[in-house]
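Hydrogens, waters and symmetry mates are skipped; everything else that's a heavy atom, side chains included, is used.
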Amino acid sequence: MFGEPVINLKNTKVGRFITFEGGEGGGKSTQTRLLQDTLTSIGVKSILTREPGGSVGAEEIRELIVSGSSDRWDPLTELCLLYAARRDHWLKLIKPNLEQGIWVISDRFADSSIVYQGYAGDIELDTVLNIHNVVLGDVWPDLTIVLDLPPEVGLERSNKRDTANNSKDTRFEKRELRFHKLLREGFQYLQNKSPDRICVIDGAKTIKEVELEVFSVIQKRFVGLK
């Protein structure tokens with residue numbers, strides 16, 4: 001219902017598309033970097049990217065999405081902006097690298113839109129999926145890892161990070177706690193709907209514990225990876 005892998009796993013000449021999802025402060029950026037380091041150590045070429053953003057055009061749209069007041073956009077406008085950025089990201093960065101056999105590791109992708117603007121927002125899930133089908137067709141990651149964390153803990157982490165970095169990309173963090181609780185429910189809901197693609201890992205574990213569990217999941221998913 002919510003996507004199957006777009007890449008044939010038997011085709012070793014094509015890269016793998018792995019995404020990390022979850023609420024704010026779950027450690028996605030850290031784990032994407034650690035995964036790339038591990039893949040590099042075993043001879044697998046990969047790139048890191050993120051959403052919103054990733055390509056030149058998508059990064060320009062990102063500035064409209066992540067900055068400003070929490071009510072800057074209504075959910076449908078926000079969703080349309082995200083999918084405009086996502087299409088550019090897919091066409092200009094993700095797809096070309098996969099076709100060259102390079103693995104793509106992304107901090108967020110389409111599941112975030114289903115949860116943020118759909119499950120926790122005001123847009124029907126069918127509407128989000130219809131827009132996805134128009135913009136990207138059957139494009140979904142090969143594997144999605146959700147880093148699960150109580151929203152109170154995640155927000156505390158993200159607030160400390162944003163303060164330390166003097167970040168202005170805090171539009172979503174400003175939303176009420178109820179919204180963040182719905183985000184957590186939403187990602188769990190997606191995992192129940194697409195268990196073959198989506199794996200949930202406890203983000204409250206240590207960074208090293210999460211790193212090892214992530215790679216264990218990937219080794220099982222992509223048989224033959226040492």
Side-chain angles (χ1 to χ4, degrees), residues 2-22 26-62 82-113 132 135-147 161 165 169 187 190-191 194 196-201 203 205-226:
F2 293 98
E4 294 302 326
V6 67
I7 303 300
N8 181 351
L9 299 180
K10 295 180 180 179
N11 187 351
T12 58
K13 295 182 179 180
V14 177
R16 308 306 185 209
F17 183 22
I18 300 171
T19 60
F20 284 76
E21 297 282 2
K28 296 180 296 301
S29 298
T30 298
Q31 292 301 327
T32 58
R33 291 193 297 270
L34 290 171
L35 175 57
Q36 185 181 45
D37 290 345
T38 300
L39 292 177
T40 299
S41 72
I42 60 174
V44 176
K45 189 173 182 180
S46 65
I47 63 165
L48 295 182
T49 188
R50 67 173 183 176
E51 287 208 350
S55 61
V56 174
E59 287 290 336
E60 292 176 354
I61 298 172
R62 174 187 173 86
L82 284 162
Y83 266 98
R86 185 164 294 132
R87 180 169 175 82
D88 192 74
H89 188 202
W90 169 255
L91 291 175
K92 302 291 180 57
L93 184 93
I94 300 173
K95 185 172 182 283
N97 277 282
L98 293 177
E99 289 174 342
Q100 293 176 44
I102 299 170
W103 289 40
V104 177
I105 307 166
S106 184
D107 182 342
R108 298 197 183 280
F109 193 64
D111 293 298
S112 279
S113 291
H132 180 95
V135 175
L136 291 177
D138 62 355
V139 170
W140 294 94
D142 294 304
L143 174 66
T144 296
I145 295 172
V146 175
L147 299 181
R161 175 200 63 206
N165 298 332
D169 298 351
F187 284 115
L190 287 187
Q191 195 277 331
S194 300
D196 292 338
R197 177 174 68 85
I198 302 175
C199 174
V200 175
I201 291 177
K205 294 181 178 179
T206 67
I207 291 174
K208 188 62 178 180
E209 287 173 333
V210 174
E211 176 190 1
L212 292 174
E213 190 167 347
V214 165
F215 193 62
S216 175
V217 168
I218 288 171
Q219 285 181 304
K220 292 174 183 176
R221 175 67 174 149
F222 307 108
V223 177
L225 189 67
K226 302 296 185 181

request  = Assess the side chains of S106 and T49: does a donor N or O sit below 3.5 Å from an acceptor N or O?
outcome  = no
task = Would you check if I198 and V146 make a side-chain contact, meaning some heavy-atom pair closer than 4.5 Å?
result = yes
inquiry  = Between D107 and R33 (salt bridge meaning N to carboxylate O under 4.0 Å), is one present in this structure?
reply    = no
remark   = On a heavy-atom basis, the closest approach of V200 and Q191 is CG2-CG, 3.4 Å
query = Considering all heavy atoms of both residues, which atom of G54 and which atom of E59 are nearest to each other, and what is their separation?
reply = N-OE2, 2.9 Å
remark   = Tightest non-hydrogen contact, residues D88 and S55, listed as OD2-OG, 2.5 Å
query = Are the aromatic rings of Y83 and W90 close, with centres under 6.0 Å apart?
reply = no
query = Taking C-beta and beyond as the side chain, do V104 and I18 meet within less than 4.5 Å on heavy atoms?
reply = no
task = Go through the steps to decide whether E211 and T38 satisfy the test side chain to side chain contact (heavy atoms under 4.5 Å, CB included), and finish with yes or no.
result = CA-CA 9 Å; E211 176 190 1; T38 300; 3.8 Å; yes
query = Taking the six-membered ring for Trp, are F109 and F20 ring centroids under 6.0 Å apart?
reply = no
query = Rounded to the nearest 0.5 Å, what separation is found between the NZ atom of K208 and the CD atom of E213?
reply = 13.5 Å
request  = Starting at CD of E51, measure out to CD1 of I61 and round the result to the nearest 0.5 Å.
outcome  = 10.5 Å
key: Minimum heavy-atom distance between A85 and A58, given as atom pair plus value   = O-CB, 3.4 Å
query = Would you say K28 and R108 make side-chain contact, with heavy atoms under 4.5 Å?
reply = yes
Pairing residues for E209 by the salt bridge (Lys or Arg N to Asp or Glu O under 4.0 Å) criterion, not counting sequence neighbours = none
message = Between S112 and E21, do the side chains contain a donor N or O and an acceptor N or O under 3.5 Å apart?
response = yes
inquiry  = The test is side chain to side chain contact (heavy atoms under 4.5 Å, CB included); show your working for R62 and R50 and say whether it passes.
reply    = CA-CA 10 Å; R62 174 187 173 86; R50 67 173 183 176; 3.2 Å; yes
key: ring-ring contact (aromatic ring centres under 6.0 Å, His included) partners of F187, counting only residues at least two apart   = none
task = Nearest 0.5 Å please: distance from the CD1 atom of I102 over to the CZ atom of R16.
result = 13.5 Å
note = CG of L34 to CD1 of I207, rounded to nearest 0.5 Å, is 7.0 Å
ask   = Per the side-chain contact (heavy atoms from CB on, under 4.5 Å) rule, which among V14, I218, I47, L35 passes with W103?
value = I218
ask   = Closest heavy-atom contact between R221 and D142?
value = NH2-O, 3.1 Å
Test item: side-chain donor near acceptor, R86 and S113, under 3.5 Å = yes
ask   = Do F17 and N97 pass the side chain to side chain contact (heavy atoms under 4.5 Å, CB included) test, and can you show the C-alpha distance, the side-chain angles, and the key distance before you say yes or no?
value = CA-CA 10 Å; F17 183 22; N97 277 282; over 6 Å; no
inquiry  = Quick check for you: to the nearest 0.5 Å, what is the distance between L48 atom CG and Q36 atom CD?
reply    = 3.5 Å
request  = Look up atom CG in L143 and atom CG in D196, then write down how far apart they are to the nearest 0.5 Å.
outcome  = 11.0 Å
ask   = Looking only at heavy atoms, what is the nearest atom pair of I105 and S46, with distance?
value = CD1-OG, 4.0 Å
query = With a 4.5 Å limit on heavy-atom distance, are the side chains of L147 and V210 in contact?
reply = yes
